[in-house]
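Working notes, beginning with the structure itself.
Order of listing sets the numbers, starting from 1, for every ligand and every atom in it.
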Amino acid sequence: MEFILYEVDGAVATITINRPKALNALNSQVLDELNATLDAVDLNTVRCLILTGAGDKSFVAGADIGEMSTLTKAEGEAFGKKGNDVFRKLEKFPIPVIAAVNGFALGGGCEISMSCDIRICSDNAVFGQPEVGLGITPGFGGTQRLARLVSPGMAKQLIYTARNIKAEEAYRIGLVNAVYPQEELIPAAQKMAAGIAAQAPIAVRNCKKAIDDGLQVSIDEAIVIEEKLFGDCFETEDQKAGMGNFLAPKDQKVKVVEFKNC
Ligand code: DAK
């Protein structure tokens with residue numbers, strides 16, 4: 001891999017988009033490598049994923065404008081599909097994905113962060129959808145995910161004006177969950193990921209699925225989705241271990257249940 005770094009530390013894996021000379025802009029090769037990296041994640045051991053960018057200036061400064069500038073209509077569509085397929089894979093990834101946004105998250109950069117379950121950022125982070133200034137609409141789901149994450153009115157304002165916002169404003173409108181000094185961002189992401197990885201993995205996956213699938217349907221249908229995924233947990237050893245530990249006599253309880261992911 002030329003542009004993707006992949007590291008595993010216990011049950012937490014980190015994917016770093018590593019193209020700092022172009023501020024980690026997404027070209028076709030980055031998208032292909034990201035796709036292959038996601039396919040190769042060992043879901044038997046990895047329970048939470050962190051996505052970040054190399055360096056301390058940029059998470060992802062968007063789709064590669066140089067590559068895009070010469071695309072024909074058909075090539076533009078193919079590029080859009082490639083990106084959307086990877087972003088959707090990330091969004092539907094069975095385990096939680098935390099975006100650790102370490103600088104610019106513009107255009108496709110903002111969009112890829114919104115395909116993750118949780119966003120935290122450094123204090124120098126800048127978010128924005130500048131596409132209308134380039135003569136295009138957001139193409140990797142920005143119009144859809146931003147409106148769902150913040151509000152339609154706020155998303156429309158940001159997208160129509162192409163205005164970039166800093167970390168504090170992103171926090172205020174609910175686009176990110178927390179802001180950290182740059183050097184504390186990755187440790188904070190790792191701590192959060194480890195906290196997630198320590199929980200019963202099947203239950204965590206089912207929570208992700210329940211929230212994501214439930215948001216697409218009516219509340220009545222969503223509750224049925226939750227019921228099903230709740231029920232599924234009762235077939236697992238982890239449910240027996242978790243509840244067994246709660247019910248065990250005080251002197252036999254363990255502080256941390258070691259969930260086996262089965
Ligand atoms: N693409 C390619 N190269 C980029 C880049 C990008 N998006 N962003 C930065 N770079 C490169 C610069 O060209 C420069 O390269 P060299 O000149 O050194 O070779 C290097 O990174 C450093 O950038 P700067 O010199 O510009 O650094 P500054 O600190 O001065 O400025 C900046 C940082 C982030 C404010 C600035 O680089 C900037 O404005 N970058 C562009 C940000 C942007 O507009 N991003 C949105 C791109 S549009 C689609 C699907 C999706 C999309 C489109 C279509 N379809 C469905 C077909 C997505 C579109 C986008 O993401």
Side-chain angles (χ1 to χ4, degrees), residues 2-5 15-35 38 51-92 97 99-116 119 121-150 154-170 175-176 179 182 185:
E2 188 182 352
F3 294 135
I4 297 288
L5 303 175
I15 294 178
T16 305
I17 298 174
N18 184 30
R19 201 187 165 214
K21 280 189 188 152
L23 304 185
N24 304 320
L26 303 172
N27 62 13
S28 300
Q29 189 180 339
V30 174
L31 292 172
D32 284 338
E33 291 185 10
L34 181 56
N35 190 37
L38 290 172
L51 179 71
T52 192
D56 56 10
K57 182 171 173 181
S58 182
F59 171 68
V60 171
D64 190 302
I65 299 173
E67 182 177 317
M68 272 193 306
S69 63
T70 56
L71 297 183
T72 61
K73 209 171 158 183
E75 288 167 341
E77 251 177 57
F79 181 69
K81 176 160 172 36
K82 191 189 284 264
N84 276 322
D85 286 352
V86 180
F87 283 30
R88 210 51 195 122
K89 186 174 281 187
L90 201 54
E91 189 167 46
K92 292 199 297 185
V97 185
V101 179
N102 55 309
F104 291 114
L106 302 176
C110 186
E111 289 168 309
I112 200 169
S113 80
M114 293 190 292
S115 301
C116 300
R119 282 150 300 287
C121 73
S122 55
D123 48 11
N124 66 331
V126 177
F127 293 81
Q129 297 289 162
E131 285 88 347
V132 293
L134 296 168
I136 55 176
T137 65
F140 290 150
T143 56
Q144 303 309 307
R145 294 194 181 96
L146 190 58
R148 283 167 170 79
L149 272 173
V150 293
M154 185 60 79
K156 285 176 176 175
Q157 185 182 338
L158 291 175
I159 290 170
Y160 298 169
T161 61
R163 185 171 71 87
N164 292 344
I165 56 170
K166 293 184 177 165
E168 277 310 320
E169 189 170 354
L175 184 54
V176 298
V179 181
Q182 176 73 245
L185 177 67

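- In this structure, the side-chain contact (heavy atoms from CB on, under 4.5 Å) partners of Ser115, at least two apart in sequence or on a different chain, are Phe87, Leu90, Glu91, Arg145.
- Remark: the Asn124 side chain and the Ser122 side chain contain an N/O donor-acceptor pair separated by less than 3.5 Å.
- Side chains of Gln182 and Asp123: no donor on one and acceptor on the other come within 3.5 Å.
- Listed here is the closest heavy atom pair of Leu71 and Glu75: CA-OE1, 3.5 Å.
- Sorted by first then second residue, the salt bridge (charged side-chain N to carboxylate O under 4.0 Å, His left out) pairs that include residues 76-85, not counting sequence neighbours, are Asp32-Lys82, Lys81-Asp85.
- Protein residues with a heavy atom under 4.0 Å from ligand 1 are Lys21, Ala22, Leu23, Ala25, Lys57, Ala61, Gly62, Ala63, Asp64, Ile65, Met68, Gly76, Gly80, Phe104, Leu106, Gly107, Gly108, Pro130, Glu131, Leu134, Ile136, Gly139, Phe140.
- Every residue was checked against the salt bridge (charged side-chain N to carboxylate O under 4.0 Å, His left out) condition with Asp56, not counting sequence neighbours, and none meets it.
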